[in-house]
Amino acid sequence: MSKKPPQQLNSHLPVLLEQVVDYLSPRSGEAYLDLTAGYGGHARAILSRTQAPQKMVLVDRDKDALATLTDIAAEGGKLVHSDYATYAEKAAEQGIEYDMILVDLGVSSPQLDRAERGFSLKREGPLDMRMDQNNAEQKTAGYLINHMNQAELERVLEIYGEEPLGSARRIAKAIIAARPLETTQQLADVILSHHRGAYKKTHPATRTFQAFRIAVNDELGQLERLLTVLPRLLRPGGRVVLISFHSLEDRLVKRFFKEQASAGYEAELDLLEKKAVRGKTDDVHNPRARSAMLRAAVKK
Ligand SMILES: C[S@@+](CC[C@H](N)C(=O)[O-])C[C@H]1O[C@@H](n2cnc3c(N)ncnc32)[C@H](O)[C@@H]1O
């Protein structure tokens with residue numbers, strides 16, 4: 001297994017940086033909550049404007065990511081190793097409020113690049129896919145792939161991978177026939193060998209990898225729990241930006257924002273844009289940006 005040198009692992013480019021800063025419009029001394037701090041690209045841009053590290057809370061469930069933010073902690077910033085839903089629920093219970101909140105969902109480039117994390121179908125590694133590798137209770141993708149029955153696998157592939165029922169059934173069957181599967185390459189090969197016809201740009205296993213990543217990290221459950229408490233975490237006039245990378249996440253955010261928009265005087269948030277702001281489709285430096293969908297709101 002090849003390991004990339006550390007300087008390359010830190011090369012996560014924040015998506016839609018200009019737009020994030022515009023919508024959050026940081027002012028000197030304001031409080032910032034980053035629920036998916038990652039490698040701190042957005043957080044550092046905000047910090048340069050607020051100049052208030054002691055009012056920054058940076059949450060991530062990945063210890064590798066938090067380890068790159070210790071300089072902000074040294075200036076008084078708070079680093080929190082937690083999943084964001086649990087942190088948000090606790091903060092809401094304690095009545096903590098912020099001027100700005102950012103949620104930049106999904107995986108970071110360094111997570112994708114490191115073969116041993118098991119996220120990438122292009123890099124041979126163990127089928128892990130846990131964003132928090134320190135969480136021994138969380139089942140890995142390998143565990144789910146090797147233990148789920150046909151109906152459970154089909155469900156994951158159909159709901160989280162958005163595979164049509166026929167191909168979900170075919171892939172689930174192929175997985176069961178090839179078990180035990182240990183590595184990303186083995187999983188990708190099983191799906192490729194059962195794929196009907198040639199493929200052009202997108203590898204036929206892409207949706208399967210997405211499906212297991214979402215299942216392993218309970219990505220949709222996390223987002224639903226967060227949206228329930230999100231408005232309570234903002235001060236009046238506080239701004240929130242959410243960036244999602246697949247339609248399942250964006251659907252939840254869109255529905256939540258739509259409910260807010262139609263709640264009349266009971267609404268807690270005003271939407272800053274009716275439609276999602278899309279990432280640049282031609283950003284060769286940052287392919288993640290192509291699927292980014294940003295939504296922003298302000299607390300009434
Ligand atoms: C796209 S990256 C964030 C990049 C960051 N905005 C930057 O500029 O470097 C997403 C990060 O969110 C974290 N993450 C994803 N889901 C999470 C969750 N449910 N709870 C906590 N962190 C999560 C991942 O570990 C990853 O580091």
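The structure presented is a predicted model; accordingly, all values stated were derived computationally and were not measured. What's counted below: heavy atoms across the whole structure, side chains too, no hydrogens, waters or symmetry copies.
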How about [X] and [Y]: do any of their side-chain heavy atoms sit closer than 4.5 Å?
{"X": "Y23", "Y": "L294", "value": "yes"}
{"X": "T184", "Y": "L187", "value": "no"}
{"X": "M100", "Y": "T50", "value": "yes"}
{"X": "L13", "Y": "Y39", "value": "no"}
{"X": "F256", "Y": "L252", "value": "no"}
{"X": "V156", "Y": "L144", "value": "no"}
{"X": "L220", "Y": "I159", "value": "no"}
{"X": "N135", "Y": "R61", "value": "no"}

>> I need the single residue from V20, D250, V103 that forms a side-chain contact (heavy atoms from CB on, under 4.5 Å) with I243. Which is it?
In response: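 Answer to the side-chain contact (heavy atoms from CB on, under 4.5 Å) test with I243 among V20, D250, V103: V20.
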> So, R114 and D64, do they make that salt bridge, N to O below 4.0 Å?
Replying inline: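 Result for this pair is yes, salt bridge flagged.
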> Between D71 and R44, is the closest basic N to carboxylate O distance under 4.0 Å?
Replying inline: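 Answer for the salt bridge query: yes.
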>> For R251 and S244: C-alpha separation, side-chain torsions, deciding distance, then whether side chain to side chain donor-acceptor pair (under 3.5 Å) applies.
In response: CA-CA 9 Å; R251 218 172 285 156; S244 43; over 6 Å; no
Under 4.5 Å between side-chain heavy atoms, counting indirect links through other Ile/Leu/Val/Met/Phe/Trp/Tyr residues: same cluster for [X] and [Y] or not?
{"X": "L271", "Y": "L234", "answer": "yes"}
{"X": "M129", "Y": "L248", "answer": "yes"}
{"X": "V298", "Y": "Y98", "answer": "no"}
{"X": "L58", "Y": "I101", "answer": "no"}
{"X": "V241", "Y": "L33", "answer": "no"}

> Between R117 and Q133, is a side chain to side chain contact (heavy atoms under 4.5 Å, CB included) present by the stated rule, with each step listed?
Replying inline: CA-CA 8 Å; R117 302 299 303 257; Q133 285 191 311; 3.3 Å; yes
>> Under the rule for side-chain hydrogen bond (donor to acceptor under 3.5 Å, both in side chains), what residues qualify as partners of E182, not counting sequence neighbours?
In response: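 Listed in chain order: nothing, the list is empty.
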To check you understand the geometry: which heavy-atom pair defines the closest contact between [X] and [Y], and what is its length?
{"X": "D62", "Y": "D60", "result": "N-OD1, 2.8 Å"}
{"X": "A52", "Y": "E30", "result": "CB-O, 4.2 Å"}
{"X": "A31", "Y": "D99", "result": "N-OD2, 2.7 Å"}
{"X": "F119", "Y": "Q111", "result": "CD1-O, 3.6 Å"}
{"X": "F212", "Y": "A141", "result": "CB-CB, 4.3 Å"}
{"X": "A37", "Y": "L69", "result": "CB-CD1, 3.8 Å"}

Just by modelled atom types, is the [Y] backbone N or O under 3.5 Å from a matching donor or acceptor in the [X] side chain?
{"X": "E268", "Y": "R232", "answer": "no"}
{"X": "S120", "Y": "D113", "answer": "no"}
{"X": "E273", "Y": "R295", "answer": "no"}
{"X": "Q150", "Y": "R169", "answer": "yes"}
{"X": "Q54", "Y": "G76", "answer": "no"}
{"X": "R239", "Y": "L24", "answer": "yes"}
{"X": "Q186", "Y": "T183", "answer": "yes"}
{"X": "R207", "Y": "L157", "answer": "no"}
{"X": "N217", "Y": "E219", "answer": "no"}
{"X": "T140", "Y": "Y143", "answer": "yes"}

Could you measure the distance from the [atom1] atom of [X] to the [atom2] atom of [Y]? Nearest 0.5 Å is fine.
{"X": "R130", "Y": "E137", "atom1": "CZ", "atom2": "CD", "result": "11.0 Å"}
{"X": "L47", "Y": "Y32", "atom1": "CG", "atom2": "OH", "result": "10.0 Å"}
{"X": "Q185", "Y": "L127", "atom1": "CD", "atom2": "CG", "result": "10.5 Å"}
{"X": "I175", "Y": "E154", "atom1": "CD1", "atom2": "CD", "result": "10.5 Å"}
{"X": "L226", "Y": "T86", "atom1": "CG", "atom2": "OG1", "result": "11.0 Å"}
{"X": "I46", "Y": "L102", "atom1": "CD1", "atom2": "CG", "result": "7.0 Å"}

> Between M56 and I72, is a side chain to side chain contact (heavy atoms under 4.5 Å, CB included) present by the stated rule, with each step listed?
Replying inline: CA-CA 9 Å; M56 288 195 121; I72 301 180; 4.1 Å; yes
> Does atom CZ of R155 have more than 12 heavy-atom neighbours from other groups under 6.0 Å away?
Replying inline: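 Check fails, neighbour count at 12 or below.
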>> Surrounding NZ of K173 (heavy atoms of other residues, nucleotides or ligands, distance under 6.0 Å), is the total greater than 12?
In response: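 No, because the 6.0 Å sphere around NZ of K173 holds 12 heavy atoms or fewer from other groups.
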>> Taking transitive links into account, so neighbours of neighbours count too, which hydrophobic residues share a cluster with Y199 at under 4.5 Å side-chain distance?
In response: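 Joined to Y199, directly or through intermediates: L192.
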>> Quick one, L105 with Y84, criterion side chain to side chain contact (heavy atoms under 4.5 Å, CB included). Give me CA distance, side-chain angles, the key distance, then yes/no.
In response: CA-CA 10 Å; L105 294 161; Y84 65 67; 3.3 Å; yes
> side chain to side chain contact (heavy atoms under 4.5 Å, CB included) between T70 and T68: does it pass, once the steps are laid out?
Replying inline: CA-CA 6 Å; T70 47; T68 68; over 6 Å; no
> Would R49 and S25 count as having a side-chain donor-acceptor pair, cut-off 3.5 Å?
Replying inline: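 No, because no side-chain N or O of R49 sits under 3.5 Å from a partner of the opposite role on S25.
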>> Please tell me whether Q138 and D132 have a donor and an acceptor in their side chains that are separated by less than 3.5 angstrom.
In response: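 No, because no side-chain N or O of Q138 sits under 3.5 Å from a partner of the opposite role on D132.
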